[in-house]
There are 2 protein chains.
Amino acid sequence: MTVGDQLNTSLRLLAGDTFDSECPTRPIMDKVTSRWGTLIVAALVTGPHRFSALHRRIGGISQKMLSQHLKALVGSGLVVRTVEPTVPPQVTYSLTELGMSLAGPLTDLLGWFGRNRAELLAAQQQTAD
Amino acid sequence: MTVGDQLNTSLRLLAGDTFDSECPTRPIMDKVTSRWGTLIVAALVTGPHRFSALHRRIGGISQKMLSQHLKALVGSGLVVRTVEPTVPPQVTYSLTELGMSLAGPLTDLLGWFGRNRAELLAAQQQTAD
DNA sequence: CGGAATCCCCGTGGATACTG
DNA sequence: CAGTATCCACGGGGATTCCG
């Protein structure tokens, strides 16, 4: 990497350039936009959910992945974990303010996929030929 | 019916039951919302790009991943590949109509990450303690 | 220039079993 | 109920090399 590139990098970081490989939001973005991240956040849009409820709601996810992604989302300040000191223990996950603000753009994106499902699948078929 | 249920219903109507593990759009969604998919589409929003231009623009992507994801995007009908029969060959990628319609929601999402970068990083730091 | 092919490593992610 | 721990397989993804 040349000095010019470094300068370029610095400027882009300051500007919040999403394309820069050094952009620190990338790992977070990866988590959120990942296979399960989107679905978990989307599931929580409708309100708080318990662990097992999420597990049931989101088809095909394993406990490990759910727990792992939830931890990451909590760590990013998008989700809060609430523990009721009852027996048996009862843990509830819900979106933070930040998480709620993310929900808009995210569900828009999911909505797009829903609306354009037919065209996407059609394109897939053509290619498969 | 609670407010949550109403929201739930709306969301599922919009998304075409995105939570179903059998939903055929999932693999496509994974591709597009994946680490590189989002950035590639976002990069093409500003207009057609050549292979090397994309490679330069998107920091940290390998040729393999770029080529691979581009193929997937073409296969999904989001991107068109144009070959100029010159020497040396010149290949240009651009968004289809479908791709353009995706660009909106997608850049909104990227924009969200840009705007909330500070808060995300702050939350990360707190957790790291 | 724009890839395709190969090699190889490491992380993701699934299944299962165990803890508090 | 809500996880954690362990094992294990697969594929994502990087570096390199070669081709049209």
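Chain A is the first sequence line, chain B the second, and so forth, proteins listed ahead of strands; every chain is numbered from 1. Just so you know, these numbers come straight off a predicted model, no measurement behind them.
Between the side chain of Thr96(A) and the main chain of Leu78(A), a donor-acceptor pair closer than 3.5 Å is present. With hydrogens and angles disregarded, no donor-acceptor distance shorter than 3.5 Å links the side chain of Trp36(A) to the backbone of Leu66(A). With hydrogens and angles disregarded, a donor-acceptor distance shorter than 3.5 Å links the side chain of His55(A) to the backbone of Ile61(A).
Close to dA2(D), at under 4.0 Å from its OP1 or OP2, lies a side-chain N or O of Arg50(A). For the pair Ser67(A) and dT4(D), the criterion of a side-chain N or O lying under 4.0 Å from OP1 or OP2 is met.
Atoms CZ (Arg57(B)) and P (dG2(C)) sit 17 Å apart, rounded to a whole Å. Distance CG (Leu70(B)) to C1' (dC1(C)): 15 Å, rounded to an integer number of Å. Counting to the nearest Å, the P atom of dG3(D) and the CD atom of Glu84(A) are 13 Å from each other. Rounded to whole Å, atom P of dG3(D) lies 13 Å from atom CG of Leu73(A). Here dG2(C) presents its P atom at 13 Å from NE2 of His49(B), a figure rounded to the nearest Å. Look at CD1 on Ile40(A): it is 12 Å from P on dG3(D), rounded to the nearest Å. Atoms CG (Leu39(B)) and C1' (dG13(D)) sit 15 Å apart, rounded to a whole Å. The nearest whole Å value for the distance from the CG atom in Leu54(B) to the P atom in dG2(C) is 10 Å.
Taking both residues in full, the closest heavy atoms of Ser76(B) and Leu98(B) are given as O-CD2, 4.1 Å, listed atom of the first, atom of the second, then distance.
Counting heavy atoms from C-beta on, the side chains of Ile28(B) and Leu121(A) come closer than 4.5 Å. Looking at heavy atoms from C-beta onward, Pro24(A) lies in side-chain contact with Arg117(B) at the 4.5 angstrom threshold.
For Glu84(B), the CD atom is densely surrounded, since the number of other residues' heavy atoms within 6.0 Å is greater than 12.
Under a hydrophobic clustering in which Ile, Leu, Val, Met, Phe, Trp and Tyr are joined whenever their side-chain heavy atoms come within less than 4.5 Å, directly or via other members, Val87(A) and Val91(A) fall into different clusters. Note on Val41(B) and Val80(B): separate hydrophobic clusters, where clusters join Ile, Leu, Val, Met, Phe, Trp and Tyr whose side-chain heavy atoms are under 4.5 Å apart, directly or indirectly.
Axis orientation changes by 50° from one end of the helix from dC1(C)-dG20(D) to dG20(C)-dC1(D) to the other, with each end axis drawn from 5 pairs and the value rounded to 10°.
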Nucleotides 6-20 of chain C: protein proximity per nucleotide (B base, S sugar-phosphate only, - neither; heavy atom, under 4.0 Å):
-B-----BBB-B--B
